[in-house]
Protein chains: 2
Amino acid sequence: MQKEIEVFKDSLKKANQKITHQRLKILQSFLNTEKHVSCDELYQMVRRQNPEIGYATVYRTLKLIQGAGLAREVDLGDKISRLEHEYGHKHHDHLICLECGKFLEVFDPEIEELQERLAKKQNFTPVRHKMDIFGYCQKCQEKERDGHK
Amino acid sequence: MQKEIEVFKDSLKKANQKITHQRLKILQSFLNTEKHVSCDELYQMVRRQNPEIGYATVYRTLKLIQGAGLAREVDLGDKISRLEHEYGHKHHDHLICLECGKFLEVFDPEIEELQERLAKKQNFTPVRHKMDIFGYCQKCQEKERDGHK
DNA sequence: TCTGAAATTGAAAATCATTTTCAATTATAC
DNA sequence: GTATAATTGAAAATGATTTTCAATTTCAGA
Ligand SMILES: [Zn+2]
Ligand SMILES: [Zn+2]
Ligand SMILES: [Zn+2]
Ligand SMILES: [Zn+2]
C-alpha cells in the first residue's frame, strides 16, 4: 500500500500535478477495498470518512489512479465502469454469471500465450486485453435444475 | 436476409410483440450495412429512407434485434455501444488499435477450445464471450517508427 | 371485413453516468 | 513568504439511453 502511494505520487509529479489531501484520501479508499468498485460506490466510501470531498473530485482522481497504472476498468456487462486494483495484482480474466452477476477471476497461461501469437500473426502489437466469458455459475445452474424438479 | 427477417418475426411473435412497419425498416437498415454501427449511426441511416421514424423507436428496435440473436454488441474501447451482425456470421474476436481505432476480426479455434475448458474447470457453463485485444496495428507502428527517424 | 384490447409509436421529458465550468482555495517552486 | 499554476466543490452541461404519454396501429377473434 505504501508502494502504491509512492507510485501515485510519482505519477502525479511526472505530469506536473499536485499531491493533494483529497487525492490521497481517495486513493486510500480505493486501496482499502478489494471489490470492483464503480465510481459512485467509491464516492460513497470516500464520503463516509471525508464528507467534504466532492463527486467530481472522485471521478477526476479515479482517472489519475488509472493513469498511474494502479487500477483498470472491468466490464461486467452492465454499462457501469468499475475499477479493480492493477498494481501488484496479476492480470486475470473473468467468468461472469448472467443470472446472479457474480464473477470469478481466472487466468490461463496457455490462452495468454495464444493471444500473443494471434496478435503477432497479424503484425499487431498487443498491449492489453479483456477476456470476459459470460454464462452460468454453478449455483445458478443448480437453482435452475432444482426449480424444474 | 430473408432468413434474418423470418428470425426477427418469429422472435417478436414468441414474445407477443407486433410486427410493425418501423421495426422492419429498422431491421433492414441494420442488415444493409456491414459496419459496426452505433445506435445513433443506425438512426441516421434509417432516417434517410424513413424520416418519420423516431429516435426512441430505433433504440427500442435495436434491443429487439439483439434479443432475436441477430446482433451483438462490440466494445471498441470508447463508451459507445456498437452492434455487429450475429446471425449467419461466425463468432470472432477483435484486435483493436489504440492509436487509430481500427480493428481486425480474428478467430483462433485453439483459444476457443481453451476458453471452453477453462470455464468447465470452474463448473461454469459458458454461453458467450468477448475477447478484445488492444494494441497497435501495423500502420500505426510504422508511422511511429517513421516519426522518430 | 370489422372491432376492441393490447402493443407501439414519436416527441419530449427524464434519467444516469460522466464531464465541464468557474470562482474560490491550495500546493509548491522560487 | 509569495506568485502562479493546479485543484477544488457545487452546479450546470453533456451525451447516451430510457421513459412517459396521448395518439395510432396491429392483429386475434367475431
Ligand atoms: Zn488474460
Ligand atoms: Zn450465478
Ligand atoms: Zn472468441
Ligand atoms: Zn492503428
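What's counted below: heavy atoms across the whole structure, side chains too, no hydrogens, waters or symmetry copies. Numbered from 1 within each chain, the chains take letters A, B, ... in sequence-line order.
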Counting primed atoms, P, OP1 and OP2 as sugar-phosphate and everything else as base, the B/S/- map of nucleotides 17-30 of chain C against protein heavy atoms under 4.0 Å is SBBBB-----BS--
Over how many whole Å does the gap from B:Leu24 atom CG to D:dT26 atom C1' extend?
12 Å
Sorted by chain and number, sequence neighbours left out, side-chain hydrogen bond (donor to acceptor under 3.5 Å, both in side chains) with A:Arg128 holds for none
Given a cutoff of under 4.5 Å between side-chain heavy atoms of I, L, V, M, F, W and Y, with clusters grown through shared members, what are the other residues clustered with B:Ile80?
none
Any residue meeting ring-ring contact (aromatic ring centres under 6.0 Å, His included) with B:Tyr55, in chain and number order, not counting sequence neighbours:
B:Tyr43, B:Tyr59
For A:Phe107, which fellow cluster members are found when Ile, Leu, Val, Met, Phe, Trp and Tyr are connected by side-chain heavy-atom distances below 4.5 angstrom, either directly or through intermediates?
none
Geometric class of the A:Phe103/A:His94 ring pair [parallel <30°, tilted 30-60°, perpendicular >60°]
perpendicular
Length of the line joining B:Gln66:CD and D:dT17:P, which is rounded to integer Å:
10 Å
Nearest-Å distance for atom pair CG/P, residues B:Leu64 and D:dT18
12 Å
The remaining residues in the hydrophobic cluster of A:Ile111, counting side-chain heavy-atom contacts under 4.5 Å among Ile, Leu, Val, Met, Phe, Trp and Tyr, are A:Leu95, A:Leu104, A:Val106, A:Leu114, A:Leu118, A:Phe124, A:Met131, A:Ile133, B:Leu95, B:Leu104, B:Val106, B:Ile111, B:Leu114, B:Leu118, B:Phe124, B:Met131, B:Ile133
Report the distance from atom OH of A:Tyr43 to atom P of D:dT8, rounded to the nearest whole Å.
14 Å
Can you tell me the distance, in whole Å, between the CG atom of B:Asn16 and the P atom of D:dG29?
11 Å
Expressed in angstrom and rounded to an integer, what is the separation of B:Leu62 atom CG from D:dT18 atom P?
10 Å
Measure the distance from NZ on B:Lys13 to P on C:dA7 and round it to the nearest whole Å.
17 Å
Distance in angstrom units between A:Asn50 CG and D:dT7 C1', rounded:
16 Å
Under 4.0 Å between a side-chain N or O of A:Arg23 and OP1 or OP2 of D:dA6?
no
